[in-house]
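Since the model is a prediction, treat every value here as computed from it, not as a measurement.
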Amino acid sequence: MGTSPSTLSKHLRVLRTRGLVQETHPEFDARVRIFHLRSAPMVELRNWLALAERGWTEQLTAFARHLAEDGQGAGPDADGTGVDP
């Protein structure tokens with residue numbers, strides 16, 4: 001991965017303390033650590049992203065509608081500036 005073991009360890013510790021991954025230790029070797037991605041936080045993230053995307057889509061659609069109603073959504077003027085002389 002091109003990452004030093006200490007850097008990787010720090011990143012995994014942050015992910016574990018934030019509840020994004022779960023750490024287990026196999027009985028046969030206490031030095032081995034296995035990390036599993038927890039799905040619950042990812043579901044929450046996907047839900048938040050979907051909500052944010054809907055909000056932005058609604059805002060941008062309303063903005064485009066506003067521009068079209070004002071006659072500015074048709075494209076640039078003859079001089080290419082989009083500003084009436």
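In terms of heavy atoms, Pro41 sits closest to Gly19 at CG-O, 3.3 Å. The two residues Val32 and Pro26 make their nearest non-hydrogen contact at O-CD, 3.4 Å.
The shortest distance between side-chain heavy atoms of Leu20 and Met42 falls below 4.5 Å.
A distance of 6.0 Å separates CZ in Phe35 from CZ in Arg16, rounded to the nearest 0.5 Å. Rounding to the nearest 0.5 angstrom, the gap separating the CG atom in Leu8 from the OG1 atom in Thr3 is 6.5 Å. A distance of 11.0 Å separates CZ of Arg54 from CG of Leu49, quoted to the nearest 0.5 Å.
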Exercise. Under the side-chain hydrogen bond (donor to acceptor under 3.5 Å, both in side chains) rule, what do Ser4 and Thr7 come out as? Steps first, then yes or no, please.
Key: CA-CA 5 Å; Ser4 70; Thr7 300; 2.8 Å; yes
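Under the 3.5 Å distance criterion, the side-chain polar atoms of Thr17 are matched with a main-chain donor or acceptor of Arg13. Under the 3.5 Å distance criterion, the side-chain polar atoms of Thr61 are left unmatched by any main-chain donor or acceptor of Glu58.
Sparse packing is recorded around CZ of Phe63, with 12 or fewer heavy atoms of other residues, nucleotides or ligands lying under 6.0 Å away.
For residues 28-51, the pairs satisfying side-chain hydrogen bond (donor to acceptor under 3.5 Å, both in side chains) are Glu23-Arg33, Asp29-Arg31, with sequence neighbours left out.
In the hydrophobic cluster analysis, where Ile, Leu, Val, Met, Phe, Trp and Tyr join through side-chain heavy atoms closer than 4.5 angstrom, Leu37 is grouped together with Leu12.
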